[in-house]
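Just so we're clear, the structure is a prediction, and the values are computed from it rather than from any experiment. Computation of the quantities below employed the complete heavy-atom set of this structure, encompassing side-chain atoms and omitting hydrogens, waters and symmetry-equivalent molecules.
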Amino acid sequence: SIEIFDKKSNKNKLEKLKINLAEKKNSLKEILKREGELEKMNYANDAEIENQRKLIEKISKIDICPICKNKITPQHMKEIMDEINPKLATLKKQTEQADVELKRIYSRKEIIEKDIEHILDEISKTDSDLDRISKIEDKKSQVKNLQEKTDKIKHEISILKNRKKNLESTIEQFSNV
């Protein structure tokens, strides 16, 4: 049995689906690009945060500053921390903002991927419908041609029957003579 998904399937609908698919794929491409940028930035920020923490740890364990060659005092340590802490805060804030955006991106990406899957399914069904509809139209055309031939033959048979009657009648008239 031939089942049709949508009897209103046509080439225009198929083209619209293909355009929609291309738009969704383009949106997905942009989202994936942004996702990669944010993940790269987070990775770099995490690495820098870790480097700053290690630096703080190293400095707290040494007695002489490698830069100025003076003894590390609590004041010296405070100055270093005052310099590093704003950097850490900025890096953490950037990472948090990127994480928020990444959550939105992951959600949007999932929706777009489902949309793409749905559109691909519709394209497949519509394409199949168009093929089936074409076959149905071919069969209708064949049936119409056969009906026309049948009608023509019936008409010819009717003419031949009348002719036969006329000939029989004529023969009977001549045989009575």
J.: Enumerate the residue pairs fulfilling salt bridge (Lys or Arg N to Asp or Glu O under 4.0 Å) with a member in residues 41-59, sequence neighbours excluded, ordered by first and then second residue.
T.: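 Listed once each, the pairs are Glu57-Lys61.
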J.: Are Ile72 and Asp63 side-chain neighbours, meaning at least one heavy-atom pair lies under 4.5 Å?
T.: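 Contact flag for Ile72/Asp63 side chains = no.
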J.: Please round to the nearest 0.5 Å and tell me the distance separating atom CG of Leu32 and atom CD of Glu37.
T.: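 So the CG of Leu32 and the CD of Glu37 are separated by 11.5 Å.
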J.: First locate atom NE2 of His118, then atom CG of Asn20, and finally report the distance between them rounded to the nearest 0.5 Å.
T.: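 CG of Asn20 is found 9.0 Å from NE2 of His118.
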J.: So if you build clusters from Ile, Leu, Val, Met, Phe, Trp, Tyr with side-chain heavy-atom gaps below 4.5 Å, do Met41 and Tyr43 land together?
T.: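 Different clusters: Met41 never reaches Tyr43 through Ile, Leu, Val, Met, Phe, Trp or Tyr contacts under 4.5 Å.
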J.: Has Ser141 got a side-chain atom pairing as donor or acceptor with Glu137's backbone, closer than 3.5 angstrom?
T.: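 Looks like no, no N/O pair under 3.5 Å.
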J.: Are Tyr106 and Val100 joined in one hydrophobic group, where the rule is that I, L, V, M, F, W and Y side chains link up if heavy atoms are under 4.5 Å apart?
T.: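 As far as the 4.5 Å side-chain criterion goes, Val100 and Tyr106 are not connected within one cluster.
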J.: To the nearest 0.5 Å, what is the distance between CG on Asp129 and NZ on Lys13?
T.: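 Between Asp129 CG and Lys13 NZ, I get 7.0 Å after rounding to 0.5 Å.
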J.: Do you know the tightest heavy-atom contact between Leu88 and Ile56?
T.: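 Residues Leu88 and Ile56, closest heavy atoms: CD1-CD1, 4.2 Å.
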J.: What pairs meet the salt bridge (Lys or Arg N to Asp or Glu O under 4.0 Å) rule with one or both residues in residues 90-102, with sequence neighbours excluded?
T.: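 Sorted pair list: Arg34-Glu101.
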J.: What's the verdict on side-chain hydrogen bond (donor to acceptor under 3.5 Å, both in side chains) for Asp151 and Gln147, showing C-alpha distance, side-chain angles and the deciding distance?
T.: CA-CA 6 Å; Asp151 291 346; Gln147 186 61 46; 2.9 Å; yes
J.: Quick one: salt bridge (charged side-chain N to carboxylate O under 4.0 Å, His left out) partners of Asp82, sequence neighbours excluded?
T.: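 Result, salt bridge (charged side-chain N to carboxylate O under 4.0 Å, His left out) vs Asp82: Lys78.
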J.: With side chains defined as the heavy atoms from C-beta onward, is the minimum distance between Lys71 and His76 less than 4.5 Å?
T.: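 No, their side chains stay 4.5 Å or more apart.
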J.: Between Lys29 and Lys25, does a side chain to side chain contact (heavy atoms under 4.5 Å, CB included) hold up when you go through it step by step?
T.: CA-CA 6 Å; Lys29 183 180 172 184; Lys25 283 184 174 182; over 6 Å; no
J.: Which heavy atom in Met81 sits nearest to a heavy atom in Pro86, and how many Å separate them?
T.: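 Result for this residue pair: O-CD, 4.2 Å.
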J.: Can you give me every donor-acceptor pair (side chain of residues 152-168, partner residue at least two apart or in another chain, under 3.5 Å) with its distance?
T.:
{"from": "Asn166", "atom 1": "ND2", "to": "Asn162", "atom 2": "O", "distance (Å)": "3.4"}

J.: Roughly how far, to the nearest 0.5 Å, is CD of Gln97 from CG of Leu38?
T.: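 Going from the CG atom of Leu38 to the CD atom of Gln97 covers 10.5 Å.
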J.: If I take atom CD1 from residue Ile119 and atom OG from residue Ser124, how far apart are they, to the nearest 0.5 angstrom?
T.: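 One gets 13.5 Å once the value is rounded to the nearest 0.5 Å.
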J.: Kindly write out the residues that satisfy salt bridge (charged side-chain N to carboxylate O under 4.0 Å, His left out) with Lys103, not counting sequence neighbours, or none if the list is empty.
T.: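 If we apply the salt bridge (charged side-chain N to carboxylate O under 4.0 Å, His left out) test to Lys103, skipping adjacent residues, there are no hits.
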J.: Transitively linked via ILVMFWY side-chain contacts under 4.5 Å: Ile111 with Leu120?
T.: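 No, it is not one cluster - the side chains of Ile111 and Leu120 are not joined through contacts under 4.5 Å.
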J.: Is there a chain of hydrophobic side chains (I, L, V, M, F, W, Y, each step under 4.5 Å between heavy atoms) that links Ile105 to Ile116?
T.: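 In one cluster: yes.
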J.: On a heavy-atom basis, which atom in Leu91 and which in Ile49 lie closest, and how many Å separate them?
T.: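 In terms of heavy atoms, the two residues are closest at CB-CG1, 3.7 Å.
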J.: Quick check on the hydrophobic clustering: are Ile64 and Ile59 connected, directly or via other members, by side-chain heavy-atom contacts under 4.5 Å?
T.: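 Each belongs to a different hydrophobic cluster.
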J.: Could you tell me whether the side chain of Ser134 reaches within less than 4.5 Å of the side chain of Leu130, counting heavy atoms only?
T.: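 No, side chains not in contact.
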J.: For residues 109-121, which residue pairs qualify under salt bridge (Lys or Arg N to Asp or Glu O under 4.0 Å), counting only residues two or more places apart or in two chains?
T.: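 Sorted pair list: Lys24-Asp115, Glu35-Lys109, Glu110-Lys114, Asp121-Lys125.
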J.: Working to the nearest 0.5 angstrom, can you tell me the gap between Lys16 NZ and Leu14 CG?
T.: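 Reported value, rounded in 0.5 Å steps: 12.0 Å.
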J.: Measure from the side-chain N and O atoms of Thr150 to the backbone N and O of Leu146, and report whether any donor-acceptor pair falls under 3.5 Å.
T.: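 Answer holds: yes.
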J.: Checking the side chain of Thr126 only, and the main-chain atoms of Ile123 only, is there a donor and an acceptor separated by less than 3.5 Å?
T.: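 Pair absent, no side-chain N/O of Thr126 close to backbone of Ile123.
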